[in-house]
Chemist: 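Before we start, here is the structure in question, set down as structure tokens.
Side-chain atoms are counted along with the backbone in the values below, which use heavy atoms only and exclude waters and symmetry mates. Reminder, nothing fancy here: chain letters follow the sequence lines and each chain counts from 1.
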Amino acid sequence: MRTVSRRGLSLLVPLMITVLAIAYPWLVPNYYLVYAGALTVMYAAMATSWNLLGGFTGYVSLGHSAFFGLGAYGTGLLVVRLDVPWLVALPVSALLVTVFAVGVGIAAVRVRGASFVIVSIALVSMMNLVVQGWRSLTGGSTGLQVPSPFPDLHRGQTHLVFFYLFLALLGVALLAWWQISRSRFGAGLRAIREDEDKAESLGVPTGAYKVAAFALSALFVALAGGLYALWFGSLDPIFVFSILIGSYMVLMSLLGGVRHLLGPLLGALIVAPAGEYFLIALGETQIHLTATGLVLVLVVLFMPEGILARFTRRRAGPSIPDESADQRLQGVSS
Amino acid sequence: MSETVLSLEDVVAGYGRAAPVLRGLNVTVRAGEVVCLVGPNGAGKSTALKVASGLLAPRSGRVLLAGKDVTGLSPQRLLGLGLAHVLQGHSVFREMTVAENVRLGGFTVRDQARLKERIEVVKDLFPVVRERWGGMAGLLSGGQQKQVEFARALMLEPSVVLLDEPSMGLDPRNTQVVFDQIDLMRRTGVAVLLVEQNARRALEMADLGCVLDLGRVHITGPARDLAADPRLGRLYLGGAPAG
Amino acid sequence: KTDEPGAAQSPGQQKGSVRIGVSLPLTGDFSEPGKGIQEGYQVWADRVNAKGGLLGRKVELIFRDDASDPNRVSSDYESLITQDKVDLVFGPFSSRLVIPAAKVAESYGMLFVEPAGAAAEVFEQGFKRLFYAAPAIASDHYDYLADYLTELPADQRPKTAAYASLDDPFAQGTAYGLRDKLAAAGIKTVVDEVYPPETTDFAPIAAKIAAAKPDLVVGGTQFEDSVGLVRALQELKVQPKLAAFSTGPTLAEFPAAVKGAAEHVISPVGWSATATFTGNQELVKRYKEMFGGDANEDAANGYTVGQIVEAAVNAAKCADPSKECQDKLTAHIGQATFDTVVGPLSFDDKGRPEQAHMIQQYVNGKVEIVLPEQAKTAGIVYPKKPW
Amino acid sequence: MSLLAQGLALGVLTGGLYALLASGLSLYFGVMRVVMVAHPAFLFLGAYLTYTAHTAFGVDPFLALPVTVPLFFALGVAVQRLLIARLAPENVAMMSVLLTFGLALTIEGLLGTFYTGSYKSVSMDYATRSLTVAGVHLPYDKIIAFGVAGLTLAVLFAVLVRSRFGQALRATIQHREAARLVGIQTERVAGYGFGVGLATAAVGGTVLALITPFFPASHWVWIGKLMAVIVVGGLGSVTGAALAAVLLGVVEGVVLVTVDATWATMMFYVFLFLALLVRPQGFFGGRLAHRF
Amino acid sequence: MSSLRTEGLTKSFGGVLAVNGVTVELRDGAINGLIGPNGSGKTTFFNIVTGLIRPDSGRVLYRDREITRHSPHRIAHAGIGRTFQLCRVFPRLTVLENMLVAVRRTRLRELMAGLRDAGETERARHWLRRMGIEHLEEAEARDLSYGQQKLLELAAVLMAEPDLVLLDEPAGGVNPALIDRITGLVRDLNAEGRTFLVVEHNMDMVMGMCDHVIVFDRGAPIAEGPPAEVREDPRVLEAYLGV
Ligand SMILES: Nc1ncnc2c1ncn2[C@@H]1O[C@H](COP(=O)(O)OP(=O)(O)OP(=O)(O)O)[C@@H](O)[C@H]1O
Ligand SMILES: Nc1ncnc2c1ncn2[C@@H]1O[C@H](COP(=O)(O)OP(=O)(O)OP(=O)(O)O)[C@@H](O)[C@H]1O
Ligand SMILES: [Mg+2]
Ligand SMILES: [Mg+2]
């Protein structure tokens with residue numbers, strides 16, 4: 001049955017995924033599905049970006065929606081208040097967020113493990129308060145309305161455009177993850193996940209690495225936020241700075257497998273439609289929250305390494321070189 | 001010959017789904033006897049002790065304590081039956097004081113007077129326990145922690161003791177204290193199953209030696225004979241005998 | 001694409017039932033009012049179907065839960081319009097959700113009558129097909145009270161007022177509408193506090209108000225914070241001559257939650273169970289039959305949406321998603337006046353209703369309409385008794 | 001001036017409440033390295049049960065405690081034994097966040113289904129009056145909350161530091177194998193530890209029910225605040241958390257009366273980041289605290 | 001030029017003076033030994049030199065350049081590598097991945113370049129072969145036995161090509177046969193020009209391997225010299241060897 005070699009398979013699968021992804025909008029019957037696709041790809045891009053931090057360093061941030069929100073508001077404000085063209089506003093805002101993330105990172109990555117999670121939750125709440133409270137700039141709780149960058153396209157076509165924009169972002173994020181995973185930088189980040197002091201003594205500048213990963217991850221999430229602002233058109237602080245958005249990124253990554261390039265993507269492909277399904281099937285009462293909660297519990301309990309870990313090589317366990325040992329003993333037992 | 005206190009019979013054990021680490025292990029310890037397990041790193045020595053103390057349930061085979069089948073019983077139960085186990089590496093309760101650590105050694109002892117007595121004994125044996133009595137155990141040096149651990153184990157007066165590399169990280173003086181204690185135990189009729197990498201030293205004082213490799217005991221014999229065997233020396237005990 | 005604009009949506013497909021798509025916050029922060037509106041829609045549909053339907057077709061409501069999330073609200077309308085191809089849509093709840101929802105409806109050319117987007121900003125987005133089916137937008141809710149207070153004889157007229165408002169476009173809108181009118185009439189603003197939705201402790205805010213000893217206390221509130229504020233004011237022994245809160249006191253749970261302190265508390269209300277406007281008694285009765293309890297304002301607002309769209313459909317003689325039909329419906333609503341359970345309604349060119357809210361007060365433990373003159377069931381009590 | 005005094009007094013009382021609400025969190029964390037995001041959800045579960053007891057049987061909220069406290073204790077034991085205990089030890093801290101996040105959603109969904117999304121509240125006559133000392137009003141409900149908090153914390157402290165159980169619990173967390181080898185029944189002890197934490201949620205929930213209306217999603221508001229309290233206090237230190245709670249309560253109260261509510265809430269996070277920059281182990285945390 | 005020199009290093013923890021005015025100088029190109037009773041400050045000295053702990057006072061100079069209070073990675077970049085008393089590897093990385101973490105000095109471009117292409121893998125395999133654990137390349141480090149982890153730790157440190165290697169109890173818990181191997185390796189590496197500082201309680205190893213031995217007691221050096229001399233020193237005999 002093994003007609004395709006491992007190497008061939010490892011090239012074929014990404015190729016097929018890419019082709020399928022690009023063709024998707026043309027295969028579905030209506031624009032709603034294009035819209036849903038774009039949303040899913042957006043989540044996939046964010047989860048992959050999250051994984052730049054979480055997957056490598058093991059720092060679980062429940063607060064990445066802070067960068068999503070800042071990217072969105074940054075882009076929106078540049079477009080609305082300063083009339084900056086959207087193509088400029090998007091990267092500028094993302095860069096500003098990255099600079100901000102460096103600052104936050106310097107404080108935040110001083111604490112490890114669970115404290116970091118708490119800090120990340122606090123970050124979202126804080127940003128929500130700032131944006132909501134700074135009414136004169138951001139519009140506060142009224143929200144910010146961002147004009148569409150493509151006023152001439154009808155709604156469906158806008159979805160199409162943003163589907164590809166998000167897809168491109170996803171591609172870049174994946175590429176970044178892949179490149180890092182095979183680099184010295186990536187090796188350092190993984191070492192940080194395992195034992196920070198040890199890594200430091202081996203010459204890994206852990207502080208700088210962590211902040212770099214934090215900022216890079218924030219950069220991509222901010223880009224996603226910026227695109228979201230342009231696409232969606234209305235921003236509301238309590239919704240863009242929501243812990244739920246942040247935890248979706250985590251859930252998707254975990255479900256798919258944080259140690260795998262395509263893990264978060266796979267997670268997003270499952271979670272986004274599943275969330276839709278629960279809402280439609282059980283949406284009449286709040287029981288769908290319970291369903292989501294239970295799924296999360298089950299994933300954590302039974303698939304802590306993610307789905308992909310199930311399909312990839314299982315940990316072999318210590319290998320015992322039998323022959324050499326027998327030889328070794330021969331001289332003794334005689 | 002005194003009666004058998006602890007024996008492992010055809011024990012097969014391992015971790016998770018991986019291949020078994022112990023593959024048919026047989027070891028017997030008698031009262032008032034020190035049995036020393038030697039073998040390369042990864043041979044399964046610590047695993048054997050874990051099976052004996054109930055930390056790890058064997059996949060097959062039996063563990064007998066004083067003739068009774070205790071396979072699969074919990075460590076608490078075995079402790080009640082007089083079996084104590086000192087783990088390899090560092091197992092102090094890091095964020096508790098030395099005092100709390102030592103007292104916890106007597107967690108199951110209800111007799112407070114007895115406990116007090118033992119505390120004085122271990123304080124005398126290991127001065128650092130007395131000096132750092134109120135200090136956090138996790139802040140001690142490696143060797144000091146090891147001493148606290150040993151002191152903790154001495155709080156009980158068990159009839160069988162499993163010692164996993166008790167001298168690791170100890171300076172010569174403290175190593176001597178540990179070996180003296182083992183000797184004392186033997187003389188009071190305690191059965192000791194000792195794992196040591198300081199093999200020559202251990203074999204010198206042990207009654208019986210077992211060479212464990214790849215999850216099986218390959219050679220059992222009087223400890224002194226094993227120590228003197230040159231082929232064993234090359235394989236397991238290191239080059240030149242201490243001179 | 002099947003939903004390409006202008007594709008395959010022939011105006012002639014008048015078969016089967018009239019399918020109306022709605023997304024509502026059935027869970028999450030806004031789930032309580034969301035539920036009320038859903039019930040209002042259901043009562044309306046039930047009544048229409050009992051009478052033989054819209055243009056002879058049965059009405060079928062399709063609900064989606066948006067979990068109080070604007071992202072979802074868009075998804076919902078997107079899918080209702082393009083995938084389910086509903087004939088009409090009704091609006092969701094909350095100003096925060098109305099804008100994103102209206103954007104979707106607008107871009108597909110659907111009429112969008114909504115029961116809950118009262119904040120001024122909703123009407124500043126340039127929506128052409130949006131109408132708010134209630135008597136007045138947020139900043140006009142207190143109009144009658146403002147008139148009453150400013151017309152009081154000089155010696156009775158309050159001198160100072162304290163405002164505390166939740167950071168929310170609707171709640172703030174109501175309080176600030178009153179504030180601006182009273183300030184213009186010379187009533188001094190002594191406290192003007194905005195608190196974020198996270199606020200759980202109202203005692204310090206009450207302490208601030210206590211220190212200013214105002215004649216009026218006005219809360220731009222929803223339920224939780226109205227109760228919190230009333231309790232805190234009570235504990236800190238603040239005794240204003242008049243206390244008004246936006247949404248809280250209109251809910252049935254309010255008197256029990258504040259334990260007797262409800263007496264003489266005032267709030268604006270768009271609907272009254274005792275009013276005799278067109279269909280109102282039928283709504284009250286049918287609601288009781290269907291859901292067992294008493295209808296509330298949210299249900300009435302939902303019902304009102306139904307009434308307006310129903311009238312428009314009957315006038316335009318069509319109920320389908322085609323551009324012609326939706327245009328006709330929109331045009332009709334833009335110029336007509338509708339008899340509804342909240343009274344006659346008409347709209348300006350931005351979709352704003354042009355009437356006013358009534359003012360209710362707890363008098364002897366009962367909710368009474370005290371303003372305006374023509375609708376009142378009891379006289380306004382001013383100054384209020386201490387709590 | 002009197003306004004400031006009022007703010008200060010209210011801050012102290014509220015701080016006491018925060019201390020009670022955060023104590024459970026601190027316990028799970030300090031002794032078990034579990035970040036219990038679902039703690040606030042359990043608080044409101046407690047509040048709802050109090051509400052049921054009050055409306056169905058007309059009992060004083062505090063009289064429900066003899067039922068809810070043991071119930072929550074049992075629930076805690078179950079959660080630990082059935083869920084937390086199954087997590088791989090090397091990443092308990094992180095996986096527990098997600099696990100308990102799922103629990104929080106589950107609880108919220110169930111509350112919404114059984115109690116609907118509408119606001120509930122428990123009001124007692126004594127909860128609307130206040131004691132006036134030198135022109136400063138001290139609301140009775142807050143005084144009661146403060147008292148209950150103090151009492152609960154004292155009991156908790158005694159249990160953890162003085163009792164045999166407390167010792168066993170800490171030993172279990174620090175080295176499970178070694179704890180088993182000194183004769184501690186580690187599974188049972190860890191379960192009881194969690195139970196105690198959750199029992200504080202029953203008490204906290206009752207107090208919360210008394211002073212604020214609630215609905216199923218109310219717990220979200222509390223997560224950030226309570227987490228900030230335990231970080232500032234030094235993760236895992238129950239005493240630290242109590243001190244930090246009072247500190248933050250006072251800061252909040254004073255900022256509220258002098259500036260505004262947004263800034264007051266913001267102070268929690270400002271202090272959190274300050275704590276990180278100045279003392280990552282928290283203002284009151286032990287020397288080893290930063291190691292987790 | 002001296003390799004490593006310290007001047008008046010002092011560090012106290014609370015009331016405990018762990019390192020007390022240590023002024024020592026290592027022999028460049030030699031195998032230096034550091035011995036002393038448990039708790040005499042050896043590990044703390046290591047921690048200060050490698051930047052994990054900041055001294056209260058005193059200076060650390062490496063090749064006559066001050067490195068006091070430099071961050072650990074800078075010190076690693078300067079060419080000082082170390083192992084830990086309780087062996088530390090990255091448990092869930094494979095053996096090969098463990099090897100690729102260590103870095104000496106890097107430019108941004110090298111940071112992002114693919115590791116497997118850069119000949120790094122070959123270098124890693126080379127070191128693993130020298131340690132005799134090349135067959136474990138794909139295993140996760142946590143599955144290795146203690147001794148194998150010790151070898152891996154040493155190999156990983158050597159990947160950064162340090163000029164000065166600090167070993168904290170390399171023989172602790174290691175099978176005697178393996179100790180011989182480690183001793184041989186250290187000698188070979190030393191012959192290639194690396195300087196060593198070895199903390200060890202195994203006197204056979206220290207005396208057999210070291211060119212120069214420093215003895216600590218209570219945080220300060222009490223004797224120094226060739227092994228033969230040191231072991232006869234009465235102060236050493238009293239403080240350490242316990243005879
Ligand atoms: N918790 C564990 N999970 C998985 N594998 C393990 C575990 N503990 C030990 N092993 C494996 O079991 C084998 C035997 O380990 P064990 O600790 O019994 O060896 P040992 O003889 O005590 O060695 P050492 O002298 O190095 O302590 C080793 O290959 C080790 O990798
Ligand atoms: N972080 C700390 N806090 C408090 N005391 C400490 C700390 N680290 C070390 N000490 C103390 O400093 C002294 C020196 O410890 P160190 O670990 O350097 O000893 P060592 O020579 O390595 O001993 P060993 O041979 O046992 O490993 C000991 O008394 C120890 O308890
Ligand atoms: Mg072992
Ligand atoms: Mg040491």
Chemist: Is it true that atom CZ of R74(E) has more than 12 heavy atoms of other residues, nucleotides or ligands lying nearer than 6.0 Å?
Modeler: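 No.
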Chemist: Looking only at heavy atoms, what is the nearest atom pair of A187(A) and L100(E), with distance?
Modeler: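 Smallest heavy-atom distance, with atoms named: CB-O, 3.9 Å.
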Chemist: Could you report the tightest heavy-atom contact between E200(A) and P72(E), atom names first, then the distance?
Modeler: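 Distance-wise, the nearest heavy atoms are CG-CB, 3.1 Å.
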Chemist: Under a 3.5 Å distance rule, please check whether R184(A) uses its side chain to pair with a backbone N or O of A102(E) as donor and acceptor.
Modeler: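 Checking the backbone N and O of A102(E) against the side chain of R184(A), a donor-acceptor pair under 3.5 Å is found.
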Chemist: Could you tell me whether the side chain of F90(E) reaches within less than 4.5 Å of the side chain of K198(A), counting heavy atoms only?
Modeler: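 Result yes, sub-4.5 Å side-chain heavy-atom pair found.
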Chemist: Given that the side chain runs from C-beta out, which part of S71(E) has a heavy atom under 4.5 Å from chain A: side chain, backbone, both or neither?
Modeler: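 Both parts, backbone and side chain.
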Chemist: Only pairs of heavy atoms separated by less than 4.5 Å count here; which of G81(E), P91(E), G51(E) has the most with chain A?
Modeler: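 If we count pairs closer than 4.5 Å to chain A, P91(E) comes out on top.
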Chemist: With sequence neighbours excluded, what pairs up with R259(A) under the side-chain hydrogen bond (donor to acceptor under 3.5 Å, both in side chains) test?
Modeler: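 Testing R259(A) for side-chain hydrogen bond (donor to acceptor under 3.5 Å, both in side chains), a comparison that skips the adjacent residues, returns none.
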Chemist: Once side-chain hydrogen bond (donor to acceptor under 3.5 Å, both in side chains) is applied, do any residues pair with T98(A), and if so which ones, sequence neighbours excluded?
Modeler: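 Scan of T98(A) (side-chain hydrogen bond (donor to acceptor under 3.5 Å, both in side chains), adjacent residues dropped) gives none.
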Chemist: When rounded to the nearest 0.5 angstrom, what is the spacing between OG in S201(A) and CZ in R88(E)?
Modeler: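 CZ of R88(E) is found 7.5 Å from OG of S201(A).
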Chemist: What residue, out of L93(E), V157(E), N98(E), has the most heavy-atom pairs lying under 4.5 Å from chain A?
Modeler: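 When all of L93(E), V157(E), N98(E) are compared, L93(E) has the most.
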Chemist: Nearest 0.5 angstrom please: R92(E) CZ to E194(A) CD, how far?
Modeler: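 Going from the CZ atom of R92(E) to the CD atom of E194(A) covers 5.0 Å.
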Chemist: Is there a side-chain contact between V204(A) and H73(E) in this structure, where contact means two heavy atoms from C-beta onward sitting under 4.5 Å apart?
Modeler: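 Not in contact.
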Chemist: Any chance you could measure T83(E), atom OG1, to L202(A), atom CG, to the nearest 0.5 Å?
Modeler: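 Reported to 0.5 Å precision, the distance equals 10.5 Å.
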Chemist: Quick one: does H77(E)'s side chain have a donor or acceptor within less than 3.5 Å of a partner on G203(A)'s backbone?
Modeler: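 It does hold such a pair.
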